[in-house]
Amino acid sequence: MPSDVNPLYCAQYGWEATSLSMLRCVQCNVILCAELPRINDKRYAEYCQKLKESIKTAHKESCRWQHYPSPDFFLELKVNPPEDVTTEFLSRAIKLQTLGNGLPSIDSPEIDNITCDKLCQLVSEATENEKLSQRLILMTSAILAATGWQKSSTKYTEAVVCSCCGLTVGLWDVKTLDDHNTDNVLDSTADENSEPSMKKVKELKYFDPLEHRNWCLLMKPCRRVDDSAGESSSLIGWQKLIQVLLHKITHSHNDKYMTPPREEVDNVKKLMNNFSSPTLCRKREQVSPHVE
C-alpha cells in the first residue's frame with residue numbers, strides 16, 4: 001500500500017473498508033473500488049494518484065465528507081496529555097512482561113543505552129511483581145512499549161501488535177529470549193550432531209521494533225507545534241513518544257526536590273523570627289554571664 005493512500009487517509013474522508021479492496025462512505029454509502037495493480041506495474045503510480053483523488057471526490061455532492069474532511073491533525077500521533085501517554089506505555093510494558101522469555105530478541109541500535117536505562121527505570125518503578133523485573137525482560141518490554149508495541153489480545157497470544165497501525169507479528173517467526181539463550185548454549189557446545197538444531201535457531205531473525213507499516217504514525221514526522229518551546233518538532237513519532245516519557249522521568253526526579261510543604265516553611269520562619277526577636281535577644285543578654 002502506498003504511504004500516502006492508506007487507512008488513515010481513507011478515514012479522513014469518511015471511508016470504511018467493506019472488503020480487501022472495496023470502500024464505502026459512512027454517510028452517503030457510495031462504494032469505491034480501491035484495487036491497485038501490482039507495485040511493479042508501470043501504471044501503479046498513475047492508479048495510486050487516481051485513487052487518491054477519488055477518495056476525495058467520489059462522494060455524493062450532498063455528502064459532508066467531500067467538503068468537510070477530518071482535520072489534518074487527526075492524522076498525527078497524540079502525545080497529550082503526557083500523563084495518558086505514560087499510563088498507556090506502562091500498561092503495554094507490564095502486559096508484555098508476562099510473555100517472559102517468550103519476548104522477542106530485539107535489535108534496536110537507534111535507542112541508546114542511557115535512554116533504555118531510563119525507560120527501564122520508569123517501568124521498574126511501576127512493576128509490583130519483582131519476579132517480572134529480570135533485567136533482560138524488563139529492558140525488552142520497555143523498548144517494545146516505547147516504540148508502540150503491545151501484547152496481542154486476540155487468540156494469538158504469542159504475538160505482539162502495534163498499538164498505532166495494528167501490525168501483528170507472530171513471535172514464532174522471530175528469535176525470542178528463549179532462542180537467544182539456546183543460541184548461546186549451542187554456540188558453546190556445538191558439535192556435528194547438534195548442527196541441525198543450531199541451524200534452526202540461526203535461521204530466526206531478531207525483531208526490529210521500528211519495523212511498522214509504512215503509514216504508521218510512529219514512523220511519521222511530528223509536525224505539530226511544541227507548546228513548551230513554541231517551535232515545530234522535527235522528531236519522528238516514536239522519538240517524540242520517548243521524549244515525552246523521558247520528560248516524565250525528569251519531572252518525577254525533580255519532584256523529590258520540590259518546595260517543602262507550607263507547614264514546614266512556617267516552622268522554619270517561626271524559628272528564624274524567634275532567633276532574631278529583640279525580646280529574645282534581651283533575655284539572652286540577661287542570662288549570659290558578664291565577662292570583664
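When reading the values below, keep in mind they use all heavy atoms of this one structure, side chains included, and skip hydrogens, waters and symmetry mates.
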[X] versus [Y], closest heavy-atom pair with distance:
X: R213; Y: M219; value: O-CG, 4.4 Å
X: V123; Y: A142; value: CG2-CB, 4.0 Å
X: L32; Y: A58; value: CD1-CB, 4.3 Å
X: A159; Y: G170; value: CB-CA, 4.1 Å
X: L241; Y: A146; value: CD2-O, 3.1 Å
X: C162; Y: L218; value: SG-CD1, 3.9 Å

State the [atom1]-[atom2] distance between [X] and [Y], to the nearest 0.5 angstrom.
X: I242; Y: H247; atom1: CD1; atom2: NE2; result: 15.5 Å
X: Y9; Y: S70; atom1: OH; atom2: OG; result: 12.5 Å
X: L235; Y: C222; atom1: CG; atom2: SG; result: 7.0 Å
X: I143; Y: I106; atom1: CD1; atom2: CD1; result: 3.5 Å
X: T115; Y: Q243; atom1: OG1; atom2: CD; result: 11.0 Å
X: Q27; Y: C63; atom1: CD; atom2: SG; result: 4.5 Å

For [X], check side-chain contact (heavy atoms from CB on, under 4.5 Å) against everything at least two apart and list the hits.
X: D72; result: Q12
X: P37; result: D41, R43, Y44, Y47
X: T87; result: none
X: D117; result: R135

Determine, using the 4.5 Å side-chain heavy-atom cutoff (strictly less than), whether [X] and [Y] are members of one ILVMFWY cluster.
X: L136; Y: F207; answer: yes
X: L245; Y: L210; answer: yes
X: L8; Y: F73; answer: yes
X: L99; Y: V174; answer: yes
X: M139; Y: L246; answer: yes

| field | V161 and L167, any side-chain heavy atoms less than 4.5 Å apart | value | no
| request: Compare all side-chain heavy atoms of W149 with those of S163 and state whether any distance is below 4.5 angstrom. | output: no
Taking only residues two or more places apart in sequence, or in another chain, which ones meet [X] in a side chain to side chain donor-acceptor pair (under 3.5 Å)?
X: S141; value: Q97
X: N113; value: none
X: S54; value: none

| Co-members of the apolar cluster containing V26 [side chain, <4.5 Å] |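 Listed partners: W65.
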Given 3.5 Å as the limit, does a donor-acceptor pair link the side chain of [X] with the main chain of [Y], or not?
X: T140; Y: L103; result: no
X: K175; Y: L171; result: no
X: H212; Y: T147; result: yes

Donor-acceptor contacts, no H, no angles, side chain residues 15-24, under 3.5 Å, sequence neighbours left out:
unit_1	atom_1	unit_2	atom_2	d
W15	NE1	I55	O	2.8
W15	NE1	H59	NE2	3.2
E16	OE2	R24	NE	3.3
E16	OE2	R24	NH2	2.1
T18	OG1	M22	O	3.4
R24	NH1	N29	OD1	2.5

| What's the verdict on side chain to side chain contact (heavy atoms under 4.5 Å, CB included) for L51 and V5, showing C-alpha distance, side-chain angles and the deciding distance? | CA-CA 8 Å; L51 176 58; V5 183; 3.7 Å; yes
Contacts table for residues 88-95: side-chain donor-acceptor under 3.5 angstrom, sequence neighbours left out:
unit_1	atom_1	unit_2	atom_2	d
R92	NE	A145	O	3.2
R92	NH2	A145	O	2.7

| Evaluation steps, side chain to side chain contact (heavy atoms under 4.5 Å, CB included), between S124 and L138 | CA-CA 7 Å; S124 181; L138 177 65; 4.0 Å; yes
| message | Show, in sequence, the C-alpha distance, side-chain angles and deciding distance for W215 and C165, and conclude whether the side chain to side chain contact (heavy atoms under 4.5 Å, CB included) test is met. | response | CA-CA 8 Å; W215 51 267; C165 66; 3.8 Å; yes
| remark: Residue pairs passing the salt bridge (charged side-chain N to carboxylate O under 4.0 Å, His left out) test with at least one member in residues 139-154, sequence neighbours excluded, are none
| note | Here the salt bridge (charged side-chain N to carboxylate O under 4.0 Å, His left out) pairs for residues 52-69, sequence neighbours left out, are D4-K52
